[in-house]
Amino acid sequence: MKKLIIVALVAFLSACQTTSDTTEIEQLKAEIKQLKHIQALVAQKVGLGELVRPDEISITNGQRVGEESANIVLLEFTDLHCPFCATYHKNVWPQIKADYVDTGKVLFVGKELPLPKLHPRAAYAAVTLRCAAKQGAYSDTKNYLFEKGQKFAESDLTEITTLNNLDVEVFEACLKDVSVHNAITSSLLDAKKLGFASTPTFIIGVRKGDAITDYEIVNGAGSVESFTDIFDKLLAKNK
């Protein structure tokens, strides 16, 4: 009987120890998470967000082109009045779209990073693109806006609605919609948290739900080869 009691007591103490260890581990995880959050906030405050980039980057709040089933994501932060963004869009994007996006290998996600000090009207162009996207005219309107560049004016809105057969009333209401303007602000904050301050900036990584992991960052217009090298490497690793 004594032997049974001792065995039971040892088992009880072991269980208590395991519970205690599990609790301590969870507490440590919570503390580490909080410390990382504080570290990130401090880094962002002093403009060093690139030093504490997260393991996963959200792709919510972006415009998507391509197959949702794609394992690889190309996330773009762009300024529609940036000449380097226009160069990428004209010389690099068409080949990438044809070879990787249209074939279902890569999902494109577009976010805005208008730089008001350099391009005062870029934010308005970003809102225009968001509103066109709501009626399924993202790609065509983006092409139009890059062609116009900094010459884009309010008078061009009529041509956008006509060329894309947009519902004018819905489009005009969207341009004034606070939630659309907030979406642009949210995109700007996402970029700031990651330490991005120039355009275009790209994140290429593996899809994990509504986030990217195992990613690389490309700054500037780059070349078709600089993007395809990363795509091919990630595709080979994630067959």
Side-chain angles (χ1 to χ4, degrees), residues 25-26 29-30 32-33 35-37 39-40 43-44 48-79 82 84-85 87-113 129-130 133 136 138-140 142-143 146 183 186-239:
I25 289 170
E26 291 304 317
K29 285 182 179 178
I32 290 170
K33 185 177 180 180
L35 285 171
K36 284 183 176 180
H37 178 65
Q39 184 185 40
Q44 292 160 23
L48 296 174
E50 71 276 8
L51 300 180
V52 289
R53 286 175 183 145
D55 294 332
E56 297 180 7
I57 295 175
S58 173
I59 59 172
T60 59
N61 188 42
Q63 305 296 329
R64 303 186 183 194
V65 177
E67 296 293 332
E68 285 290 336
S69 59
N71 290 329
I72 308 303
V73 175
L74 168 63
L75 173 59
E76 173 193 65
F77 283 90
T78 192
D79 177 323
C82 159
F84 303 105
C85 299
T87 296
Y88 163 81
H89 193 76
K90 181 180 179 181
N91 299 331
V92 180
W93 168 245
Q95 193 66 51
I96 288 174
K97 183 177 184 295
D99 293 346
Y100 292 91
V101 178
D102 292 346
T103 56
K105 297 175 183 177
V106 173
L107 174 67
F108 171 84
V109 180
K111 291 193 177 186
E112 305 88 356
L113 180 51
L129 182 57
R130 280 262 173 181
Y138 174 77
S139 294
D140 288 341
K142 192 175 184 182
N143 292 339
F146 269 127
S186 178
S187 183
L188 282 164
L189 290 174
D190 288 343
K192 183 179 179 182
K193 287 175 184 176
L194 294 167
F196 298 158
S198 63
T199 54
T201 298
F202 305 89
I203 305 171
I204 306 170
V206 179
R207 174 88 182 264
K208 185 179 179 183
D210 274 332
I212 306 174
T213 187
D214 189 22
Y215 59 83
E216 294 188 34
I217 293 171
V218 177
N219 293 302
S223 64
V224 171
E225 292 74 23
S226 64
F227 285 89
T228 58
D229 285 348
I230 299 173
F231 291 148
D232 291 343
K233 179 177 67 176
L234 290 173
L235 286 165
K237 283 173 60 179
N238 296 274
K239 287 182 178 179

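- With rounding to the nearest 0.5 angstrom, the OG1 atom of Thr201 is 12.0 Å from the CZ atom of Phe84.
- Taking every heavy atom of both residues into account, Ser139 and Val65 meet most closely at OG-CG2, 4.1 Å.
- Between Pro54 and Leu194, the closest side-chain pair of non-hydrogen atoms falls below 4.5 Å.
- Across all their heavy atoms, Arg64 and Ile59 have their closest contact at NH2-O, 3.6 Å.
- Atom-to-atom distance recorded for Asn91:CG and Ile96:CD1 is 11.0 Å, nearest 0.5 angstrom.
- The OG1 atom of Thr228 sits 9.5 Å away from atom CD1 of Ile204, with the distance rounded to the nearest 0.5 Å.
- Partner Lys111 forms a side-chain hydrogen bond (donor to acceptor under 3.5 Å, both in side chains) with one of Thr60, Asn61, Thr78, Asp190 and no other, that one being Asp190.
- Residues Thr213 and Val206 meet the side-chain proximity criterion, which asks for heavy atoms closer than 4.5 Å.
- Heavy atoms only, all atoms of each residue included: Val73 and Val106 are closest at C-CG1, 4.3 Å.
- When every heavy atom of Glu67 is checked against every heavy atom of Gly104, the shortest pair comes out as CG-CA, 3.7 Å.
- The CG atom of Leu235 sits 5.0 Å away from the CD1 atom of Ile72 when rounded to the nearest 0.5 Å.
- To the nearest 0.5 Å, atoms NE2 (His89) and NZ (Lys142) are separated by 6.0 Å.
- In this structure, CG in Asp214 is found 6.0 Å from CG in Leu234, a value given to the nearest 0.5 Å.
- At least one side-chain heavy atom of Tyr100 sits less than 4.5 Å from a side-chain heavy atom of Asp232.
- The two residues Ile203 and Ile57 come nearest to each other via the heavy atoms CD1-CD1, 3.6 Å.
- The aromatic rings of Phe231 and Phe227 are tilted relative to each other, their planes meeting at an angle between 30° and 60°.
- Taking the six-membered ring where the residue is Trp, Phe77 and Phe196 present perpendicular rings, their angle passing 60° and hence far from 30°.
- The minimum heavy-atom distance between Tyr88 and Pro200, with the atom names listed, is CB-CG, 4.5 Å.
- Checking side-chain atoms of Arg207 against main-chain N and O of Glu68 turns up a donor-acceptor pair under 3.5 Å.
- Within a 6.0 Å radius of OH in Tyr138, other residues, nucleotides and ligands contribute more than 12 heavy atoms.
- When side chains are defined from C-beta on, Phe108 counts as touching Glu76, because their heavy atoms get closer than 4.5 Å.
- Side-chain contact between Ile217 and Arg53: present, with at least one pair of heavy atoms (C-beta onward) separated by less than 4.5 Å.
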